[in-house]
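The next block holds one structure in the form of structure tokens; read it before the comments.
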Amino acid sequence: MSKIYVTSPFLPPLEEFIPYLEQIWQNKTLTNGGPFHQQLEQALAEYLGVKHLSLFANGTLALLTAFQALRLTGEVITTPYSFVATSHSLLWNGLTPVFADIDPHTYNINPDRIEELITPNTTAILPVHCYGIPCDIEKIQKIADVYGLRVIYDAAHAFNVRKNETSILNHGDLSVLSFHATKVFNTFEGGAIISHDLKTKQRIDYLKNFGFAGETRIVAPGINAKMNEVEAAFGLLQLKHIDKALDERKTIYQRYCEMLNGLEGLTFVDVPDDVSWNHAYFPVLIEPHFGMSRDGVYELFKADAILTRRYFYPLISSFAMYRGFPTSAEEHLPVANDIAEKVLCLPIYPGMTLEEQDRVVNALKRASLVGQAQGNEPTPVTEIAV
Ligand SMILES: *Cc1c(COP(=O)(O)O)cnc(C)c1O
């Protein structure tokens, strides 16, 4: 049986990429802000509806640079319910992550848990638009304004997400995107920082190029985080096909909702009505009354060659380099711990066939039947007959 992965990279037709490569071979500019890099920065800023965009070699380097650009120090309030790069980028900057619990409906940082964590050392808030679903932007900004904090959004999942018709990337001081192969829009590896004024973009661009502000002038201990021309060219090609890919995601998402409707013990994520979403993920909570535990379902899928992912389990706060922080304690993060124990992300990607989706849905229905037959109690993994 062929394997079904949680995601599959979005690849435009190969023959359409050849002319881009020929151009690179012709003009011999391979990196350092070449023509494709410049074109992609402009085209993406226009497509996403943002003022300034700086391309990066990947999202993690973009996060590292975002904190450098704002000269953050001390403590940063963030969410434990994310990919490790969110907090790792704080540690790489010598910043201390302070974890706030998440909202039980959106799985994003709970703004009502932020204020109690602010100390004289707090300089910023680092929320994540988890699964591309917008954070409570207004409440977060209000707190930031009152306390004089910066807001940097990890928007790695939030490509082209809009709220009331405007990009959510326009909020906060900076937003950071990832264009990794597994993301909605990819450049193999890549990322970007969205900024709102030219001076900030300028500083970010110095920082990603060793701190060079001219041939002999170095203004900061910058890093090498430049996107190369092959990646930028691929981004330009991908951008031509992105609307179709986003439509496909939406169709697959809606078909899941229809097919899984009525199956007991599943909870789907809340997407507010005023949000134009990118359907980046299909997270589902396997509740106790589903009959089988989340890990039971995960293993059953695996036996069927369906490789789902437990995004985000384990929580960042539970890894060795984080669990010593006071705010990592399980009692401090009850909602995040609960969701992390129940969540499963089902496969969703452009190009997913109806047969593949049927296989996923049937496996989940079978898991439900096995569970119900066993008396509607969560079942330990070892007891499942597959
Ligand atoms: C993918 C991801 C990153 C890291 O991006 P890379 O481009 O892989 O370095 C950071 N934060 C979140 C939430 C992500 O999902």
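Counting convention: from 1, in listed order, for ligands and their atoms alike. The analysis underlying the following values was restricted to heavy atoms, covering all of them including side chains, and did not include hydrogens, waters or symmetry mates. From a predicted model like this one, the values you see are computed outputs, not experimental measurements.
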Ring pair (Phe, Tyr, Trp, His ring centres under 6.0 Å) between Phe10 and Tyr349, worked out: CA-CA 8 Å; Phe10 169 44; Tyr349 46 88; over 10 Å; no
For the residue pair His157 and Phe312, categorise the inter-ring angle as parallel (less than 30°), tilted (30 to 60°) or perpendicular (more than 60°).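 Rings of His157 and Phe312: parallel, under 30°.
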On the 0 to 90° scale, with breaks at 30° and 60°, tag the His279-Trp277 ring pair as parallel, tilted or perpendicular. tilted
Close-contact set for ligand 1 against [X] heavy atoms, below 4.0 Å:
{"X": "Lys183", "answer": "1 (C), 2 (C), 14 (C), 15 (O)"}
{"X": "Gly59", "answer": "5 (O), 6 (P), 7 (O), 9 (O)"}
{"X": "Ser178", "answer": "1 (C), 5 (O), 6 (P), 7 (O), 8 (O)"}
{"X": "Ser82", "answer": "13 (C)"}
{"X": "Ala85", "answer": "4 (C), 10 (C)"}

Does Phe212 have its ring centroid less than 6.0 Å away from the ring centroid of Tyr206? no
What protein heavy atom lies closest to [atom]? Include the residue and the distance to one decimal.
{"atom": "atom 15 (O) of ligand 1", "value": "His157 NE2, 2.7 Å"}
{"atom": "atom 12 (C) of ligand 1", "value": "Ala156 CB, 3.4 Å"}
{"atom": "atom 4 (C) of ligand 1", "value": "Thr60 OG1, 3.6 Å"}
{"atom": "atom 10 (C) of ligand 1", "value": "Asp154 OD2, 3.6 Å"}
{"atom": "atom 3 (C) of ligand 1", "value": "Phe83 CD2, 3.7 Å"}

Exercise: do [X] and [Y] side chains pair donor with acceptor under 3.5 Å:
{"X": "Glu16", "Y": "His241", "answer": "yes"}
{"X": "Asp154", "Y": "Thr86", "answer": "yes"}
{"X": "Glu229", "Y": "Thr31", "answer": "no"}

Which segment of Glu189 sits under 4.0 Å of ligand 1 when only heavy atoms are counted: neither
Arg310 to Tyr298, cation-pi by 6.0 Å centre distance and 45° axis angle: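 Checked: cation-pi criterion met.
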Does Lys226 make a cation-pi contact with Phe56 (under 6.0 Å, within 45 degrees of the axis)? no
Can a non-hydrogen atom of Gly191 be found less than 4.0 Å from any atom of ligand 1?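 Distance cut 4.0 Å: Gly191 fails for ligand 1.
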Is Gly190 near ligand 1, meaning one of its heavy atoms is under 4.0 Å from it? yes
